[in-house]
S.K.: 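Take a look at this one; I'll ask things after.
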Protein chains: 2
Amino acid sequence: MNFFEQTGKVAIGSRLRMLTDKVTEDAAQIYKLYNIDMQPKWFPVFYSLAQGEEKTITELAKDIGHSHPSVSKIISEMLKKGYVKESKDKTDGRRNLVSLSKKGIAISKEIEDQLIDVNAAVEEISAQSQNKLWEAIGEWEFLLEQKTLLRRVMEKKKERDSLKVEIVDYQAKYQEAFRALNVEWISHYFTMEESDYKALDNPQGYILDKGGYILVALYEGEPMGVCALIKMNDGEYDFELAKMAVSPKAQGKNVGFLLANAIVEKAKSLGASKIYLESNTILKPAINLYHKLGFQKVAGKPTPYTRCNIQMELVVK
Amino acid sequence: MNFFEQTGKVAIGSRLRMLTDKVTEDAAQIYKLYNIDMQPKWFPVFYSLAQGEEKTITELAKDIGHSHPSVSKIISEMLKKGYVKESKDKTDGRRNLVSLSKKGIAISKEIEDQLIDVNAAVEEISAQSQNKLWEAIGEWEFLLEQKTLLRRVMEKKKERDSLKVEIVDYQAKYQEAFRALNVEWISHYFTMEESDYKALDNPQGYILDKGGYILVALYEGEPMGVCALIKMNDGEYDFELAKMAVSPKAQGKNVGFLLANAIVEKAKSLGASKIYLESNTILKPAINLYHKLGFQKVAGKPTPYTRCNIQMELVVK
DNA sequence: ATTAATTACGTAATCAGTTACGCAAATATA
DNA sequence: TATATTTGCGTAACTGATTACGTAATTAAT
């Protein structure tokens, strides 16, 4: 099994499958050894029924962790051997009640010795191992239950991608990106408005020169997100967080969070005490992001944008 | 997964399979996450080829531990995607040399980040576990390589069966069993001879009264094996080990060994210094057994049995 | 130089599971 | 009470592997 030492743990799936195959391989022979006319795959169903109670197909499936068609097929095979009997539930015509037949019960007696010996054999292997396979599986089952492998990988990817994201100050060379990224999402969800063009066509004059600020997120050198802090003069708020845009190409790379976080930090460093923003509730991920950063819903502020249906503020600590 | 806590470790195969499924389940999604157009099952082949060398189908199969038809199919799928190229070996027309195409090499670059993240995710799970799954699998692979599960179970069965075998002194009530068990194997392999009947019809007079001995192996109370020690008067040997018979029903229960061992011990306790026996080389398991007990081949003794083609002796220590 | 045995590998059939789908019965909802 | 939804479960198709088998090429033995 040198191969797996090379590939590293990415191949844990393949390696598990091969061990499974090897362990399973002998199972049929073992039944033969004890003169028991049974297929290994029947075992979980058989064991579950051997507890004595009648069970439906679905109950069995849930019990042993298979899909119901799998149980359905196994039961029909066991039925052919005469190991189980079926009976319709009188109060619920859909349910197919299954239980061991006399022959099945006889087999369950015969099988006891085999279970003892296989158990002893597995224990022997365990005793010769440093790492306990049985317990390790239990732990993996638990940990995967809590968070799937996919989710864990997604987190790792995000972590790694975050390291590649660089937040830099606006420069004239980013004007085109600043415009394009915003036009992209605004015209996708809404329509461009007069005030959009003002800011996007002339960020220098409309935002920076008025005491505002713009940050750009670079991913591998390319601008993938932008965000502006527009100076407000209403006595209540210091800045408006606006013109936030992240390229769909950079999704899942945490760009939005890093950018928004950086802009809030920037506002703080500029001595802001309250930040305002306008958005629309159909932009769920954005609203979630603002919420995560501490923004709270407020109302009552007049706005030039027709697309605005939610207003939020952040009290800077 | 409460079910497996009930069944005990007999169900290790089923439990392994389910964990394998759960781990594998996410694999396809993970490739999608990285925008890599590849099937999880291709990975081992892909990885093996990414080492750079051209390989044949059979080499790949050996490398990754699959059957060759499996590799054959995978290669034909990868070929369709343009990830590999084939070329006939010029010096051996049977061999199909496979290597990554340019497109394949490009993919192998793209996949690197994914490998890093999956590895990190698996490491994270490992770090949260007491028992290391990866290492545990390695140990199981090693231990099963040395001795398969089937063989281990067989040993456990033999051990347990041995406990049920009881070796007792001959009594008149066992005469029928003594006769029947011997007639069974003698007439199966050879034909009954005059001297057989003498001993089997009258063990009391022919064996015991002349200073011989008979032991009976009981399995769950039933006589399943017999063995006699016949007094010899030739000056060289004290006893002949003879009329050893074990029911085919009791095969694999160690009855033969326990019986022969007991009869040798009995001979010892009777002060014997040399034991003799006659047999036939077609009775392989019997010869092996005698050998295991320390009997050595000798020659030259006259015998009344035509079926005898090997003579052995044991020098009692 | 034949003939026999071995090797490489493709195709077909099988296996133990899955998902997809559909029907009928039961339950919830308007 | 009519209608929609959910549930139980059987059938069919698919999946990722296997073993079985056949054929062609090579190698070994006579």
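Values below: all heavy atoms of this structure, side chains included; hydrogens, waters and symmetry mates excluded. Because the structure is a prediction, the values reported are computed rather than measured. Reminder, nothing fancy here: chain letters follow the sequence lines and each chain counts from 1.
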S.K.: What is the distance, rounded to the nearest whole Å, between atom NZ of A/K55 and atom P of D/dG8?
M.R.: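 Going from A/K55 (NZ) to D/dG8 (P), I get 15 Å.
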S.K.: Is the phosphate of D/dG8, meaning OP1 or OP2, less than 4.0 Å from a side-chain N or O of A/T56?
M.R.: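 No.
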S.K.: Mind calculating the distance between NE2 (B/H66) and P (D/dG16) to the nearest angstrom?
M.R.: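 Between P of D/dG16 and NE2 of B/H66: 12 Å.
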S.K.: Using side-chain heavy atoms (C-beta onward) and a distance below 4.5 Å, is B/L115 in contact with B/F43?
M.R.: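 Yes, at least one pair of side-chain atoms sits under 4.5 Å.
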S.K.: Using atom CZ of A/R15 as one end and atom C1' of D/dA17 as the other, report the distance to the nearest whole Å.
M.R.: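 Spelled out: CZ on A/R15 to C1' on D/dA17 is 19 Å.
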S.K.: Are side-chain heavy atoms of A/E53 and A/S99 found at a separation under 4.5 Å?
M.R.: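 No, their side chains stay 4.5 Å or more apart.
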S.K.: Between the side-chain atoms of A/R94 and the base atoms of D/dT7, is any donor-acceptor pair under 3.5 Å?
M.R.: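 Present.
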S.K.: From D/dG10, C/dA8, D/dA17, pick the nucleotide closest to the side chain of A/S72?
M.R.: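 Minimum distance to the A/S72 side chain belongs to D/dG10.
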S.K.: Pull out every residue in residues 37-44 of chain B that has a heavy atom closer than 4.0 Å to any atom of DNA chain D, ordered by number, or say none.
M.R.: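 Going residue by residue through residues 37-44 of chain B, the ones with a heavy atom under 4.0 Å of DNA chain D turn out to be B/Q39, B/K41.
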S.K.: To the nearest 10 degrees, how far apart in direction are the end axes of the helix from C/dA1-D/dT30 to C/dA30-D/dT1, each fit to five base pairs?
M.R.: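 Nearest ten degrees gives 0° for this helix.
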S.K.: On DNA chain D, does the nearest nucleotide to B/E77 precede the nearest nucleotide to B/P69 from the 5' side, or the other way round? Give the residue.
M.R.: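 Checking each residue's closest nucleotide, the 5'-ward one belongs to B/E77.
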S.K.: Below 4.0 angstrom from OP1 or OP2 of D/dA17, is there any side-chain N or O of A/R17?
M.R.: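 The answer is yes; a side-chain N or O of A/R17 sits under 4.0 Å from OP1 or OP2.
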S.K.: D/dG8 P sits how many Å from A/R95 CZ, rounded?
M.R.: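 To the nearest whole Å, that distance equals 7 Å.
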S.K.: Round to a whole Å and report the spacing from CD1 of A/I74 to C1' of C/dT18.
M.R.: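 Atom-to-atom, A/I74 to C/dT18, this comes out as 12 Å.
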S.K.: Treating A/N96 as the side-chain partner and A/E86 as the backbone partner, does any N or O pair qualify as donor plus acceptor under 3.5 Å?
M.R.: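 The answer is no, because no donor-acceptor pair under 3.5 Å joins these two groups.
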S.K.: Does B/N96 put a side-chain nitrogen or oxygen below 4.0 Å from OP1 or OP2 of C/dG10?
M.R.: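 Result: yes.
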S.K.: Once you round it to whole Å, what is the distance between C1' of D/dC9 and CG of A/D89?
M.R.: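 Atom-to-atom, A/D89 to D/dC9, this comes out as 13 Å.
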S.K.: Would you say B/L144 and A/I125 make side-chain contact, with heavy atoms under 4.5 Å?
M.R.: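 Sidechains of A/I125 and B/L144: in contact.
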S.K.: Do A/Q130 and B/E135 come within less than 4.5 Å of each other through their side chains, counting heavy atoms only?
M.R.: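 Not touching, per the 4.5 Å side-chain cut-off.
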S.K.: Report yes if some heavy atom in the side chain of A/F190 is under 4.5 Å from a heavy atom in the side chain of A/L283; otherwise report no.
M.R.: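 They are in side-chain contact.
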S.K.: Does one side chain, of B/N131 or B/S129, offer a donor that lies under 3.5 Å from an acceptor on the other?
M.R.: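 No, no side-chain donor-acceptor contact under 3.5 Å.
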S.K.: Would you indicate what A/T20 reaches in the nucleic acid, counting non-hydrogen atoms under 4.0 angstrom: base, sugar-phosphate, or nothing?
M.R.: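 Contact class for A/T20: none.
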S.K.: Between B/K73 and B/I57, which is nearer to the 5' end of DNA chain C once each is assigned its nearest nucleotide?
M.R.: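 So the residue in question is B/I57.
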S.K.: May I ask you to test the A/K253-A/K157 pair for a side-chain heavy-atom distance under 4.5 Å?
M.R.: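 Of all side-chain heavy-atom pairs linking A/K157 with A/K253, at least one is under 4.5 Å.
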S.K.: Which one, C/dT18, D/dA17, D/dT26, comes nearest to the side chain of A/S67?
M.R.: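 From the listed options, C/dT18 comes nearest.
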S.K.: With the side chain counted from C-beta on, respond yes when A/W140 and A/I12 share a heavy-atom pair under 4.5 Å apart, and no when they do not.
M.R.: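 With C-beta onward as the side chain, the pair touches.
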S.K.: Applying a 4.0 Å non-hydrogen cut-off, can you work out what B/S70 is touching in the nucleic acid: base, sugar-phosphate, or nothing?
M.R.: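 Base contact.
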S.K.: On DNA chain C, check which nucleotide each of A/H68 and A/K90 is closest to and give me the residue with the more 5' one.
M.R.: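 Result: A/H68.
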